[in-house]
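Report on the structure given below.
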Amino acid sequence: MASTFLIVFKRFIFLILLQVLIFNKFDLFGIYDPYICLVFILTFPVKTSKISFMVVAFAFGFTLDLFSNSLGLNTTACLTVAFLRSYIMSFIFGGFFDPLGLKLIKNYVSDSSFSQKILYVSSIILIHHFILFSLEAFSLKHVSTVMHKTLITYLLSGFFCTTLIYIMIGNEK
Amino acid sequence: MQQFIDFIIRKKNVLVYFLLLSFSLSLIFKTNFFQNSKIIVFSNSTANYFNEVFNNLNGYFNLKRVNSELANENLFLKNQLENLINKKQLDSLDNAIFKYQNAKVISNSLSSFKNYLIIDKGLKHGLENEMGIISSKGIVGIINYTTKNYSSVMSVLNIDTKINAKVKRTSHFGTLEWDGLSGENLLLNDIPETAEIKVGDSIITGGMSLIFPEGINIGVVSEIIKQKKRNDTTANFVINNQVKIAKIQFKENYLNIVVKLHTDMNNLNIVYVIESLNKEEFKNIKK
């Protein structure tokens with residue numbers, strides 16, 4: 001248990017710093033930033049209880065918001081994705097998913113098929129971005145703009161998150 | 001009662017989710033409507049501190065560029081001053097209407113729909129809401145919230161910003177807005193089709209408010225899109241002592257003009273705050 005706590009704590013600090021200091025200043029075409037912080041939610045240990053997962057995701061989003069002057073936006077998006085993750089995993093991985101968490105994220109990466117990996121990463125990133133951007137714009141006038149931005153940012157985040165997961169997962173215990 | 005407790009235990013995940021969700025949503029709406037809640041002040045002061053430290057480190061890498069920009073601006077202003085002195089003697093009785101102050105940008109967001117900048121001057125230096133911010137090349141934004149040491153500036157790259165602007169050559173007025181999809185283009189709306197706008201025309205501030213003085217550079221026209229807008233109005237007719245309502249349609253064509261900004265919003269470092277000295281007087285007469 002202690003080691004899980006330590007891993008989560010390390011990733012928390014590392015990903016917040018990575019997002020705030022480097023990726024928030026990425027600005028492709030002037031305005032598009034990848035959200036690499038989603039790696040935290042994607043690779044959160046499965047065996048922790050859902051309530052503690054949601055509380056940690058809430059704190060994660062809140063810390064992110066403090067640094068980007070957007071109070072509440074990242075918090076809502078991260079919290080919702082954390083809540084939905086177990087449903088998404090059981091839907092995508094099917095019988096392979098075990099809610100008790102005997103399998104590590106490493107096993108999911110090595111044992112699942114290519115399309116399952118893509119679906120898992122894409123669905124979480126798309127839901128997060130859609131919630132984030134639509135809350136930010138907060139008007140029906142800008143629906144098409146929100147969709148446009150969600151798609152472009154999804155491509156960016158998807159690329160960087162997948163790369164980082166492959167780097168990180170090599171030394172997971 | 002037993003069933004109720006069972007229900008809560010069964011649905012505890014969902015309940016915790018909605019509890020946290022309501023808290024985070026209340027944060028969003030508090031930020032939008034009550035800018036001076038305690039959480040905001042705390043979050044701003046902590047985040048500003050970190051941003052300032054990081055910005056100080058980062059600032060060294062930009063020194064060369066900032067230096068050359070300042071030298072260019074100096075040269076431009078010196079030439080202007082020379083022209084002015086040649087034209088007439090400077091008269092101290094000529095009252096200035098606007099006063100300028102410089103400030104440093106310590107954080108600058110670009111990736112959201114409602115972008116804000118934070119600058120390192122606040123109430124202590126006499127800054128207030130609704131003061132304009134410009135860079136050496138063009139407009140940057142409008143102050144929307146000030147604390148003791150910092151101010152938050154609503155950038156022109158914000159879907160809520162509306163700025164009065166005009167075409168320099170033809171003097172047609174319009175409203176500048178941002179469409180949220182490009183980091184360097186704004187849209188100028190409400191210009192009638194009859195105006196003969198060409199690609200390459202300069203767009204400057206209109207001077208209809210005391211936020212920006214007239215004639216500050218904004219950008220150049222890079223694309224013109226024709227848009228048909230139909231106005232429906234109803235009119236009453238009296239025929240044989242009966243009132244009849246008829247719909248009248250008339251077409252009026254407007255241009256949507258894409259304006260490329262002079263200011264590079266990615267690389268902002270030193271900005272100027274414009275303070276209007278006649279603000280009180282203007283407010284009184286507007287009442």
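In the text below, chain A, chain B and the rest are named by the order of the sequence lines, each starting its count at 1.
- A heavy-atom distance below 4.5 Å is found between the side chains of A:Thr80 and B:Tyr17.
- With a 4.5 Å cut-off on non-hydrogen atoms, B:Asp179 touches chain A through its backbone but not through its side chain.
- To the nearest 0.5 Å, atom CG of residue A:Leu73 and atom CG of residue B:Leu27 are 9.5 Å apart.
- Counting heavy atoms of neighbouring residues, nucleotides and ligands inside a 6.0 Å radius, atom CD of B:Gln101 exceeds 12 of them.
- Looking only at side-chain heavy atoms (C-beta outward), A:Tyr32 and B:Leu181 come within less than 4.5 Å of each other.
- Interface remark: B:Asn266 contributes side-chain atoms only to the contact with chain A (heavy atom separation under 4.5 Å).
- At most 12 heavy atoms of other shown residues, nucleotides or ligands fall within 6.0 angstrom of atom CG in A:Leu140.
- Nearest approach of A:Leu79 to B:Leu21, heavy atoms of both residues: CD2-N, 3.4 Å.
- For the atom pair OG of B:Ser24 and CG of A:Asn74, the computed distance is 11.0 Å after rounding to the nearest 0.5 Å.
- A search for side chain to side chain contact (heavy atoms under 4.5 Å, CB included) contacts involving B:Asn217 returns B:Ile204, B:His262, not counting sequence neighbours.
- Between B:Gly180 and A:Ile31, the shortest heavy-atom contact is O-CD1, 3.7 Å.
- Annotation: residues 144-155 of chain A contacts chain B through A:Thr145, A:Val146, A:His148, A:Lys149 [non-hydrogen atoms, separation under 4.5 Å].
- For the side chain to side chain contact (heavy atoms under 4.5 Å, CB included) test, residues two or more places apart in sequence or in another chain that qualify with B:Asn149 are B:Lys124.
- Rounded to the nearest 0.5 angstrom, B:Ser111 OG and A:Tyr35 OH are separated by 4.5 Å.
- Of the two parts of A:Leu21, the backbone and the side chain both hold a non-hydrogen atom closer than 4.5 Å to a non-hydrogen atom of chain B.
- To the nearest 0.5 Å, atoms CZ (B:Phe23) and OG1 (A:Thr76) are separated by 11.0 Å.
- With a 6.0 Å radius and a threshold of 12 heavy atoms from other residues, nucleotides or ligands, A:Phe160 has its CZ atom above the threshold.
- Within residues 49-59 of chain A, the residues having any heavy atom less than 4.5 Å from a heavy atom of chain B are, in residue-number order, A:Lys50, A:Ile51, A:Met54, A:Val55, A:Phe58.
- Remark: B:Leu20 CG to A:Thr75 OG1 distance equals 10.0 Å, nearest 0.5 Å.
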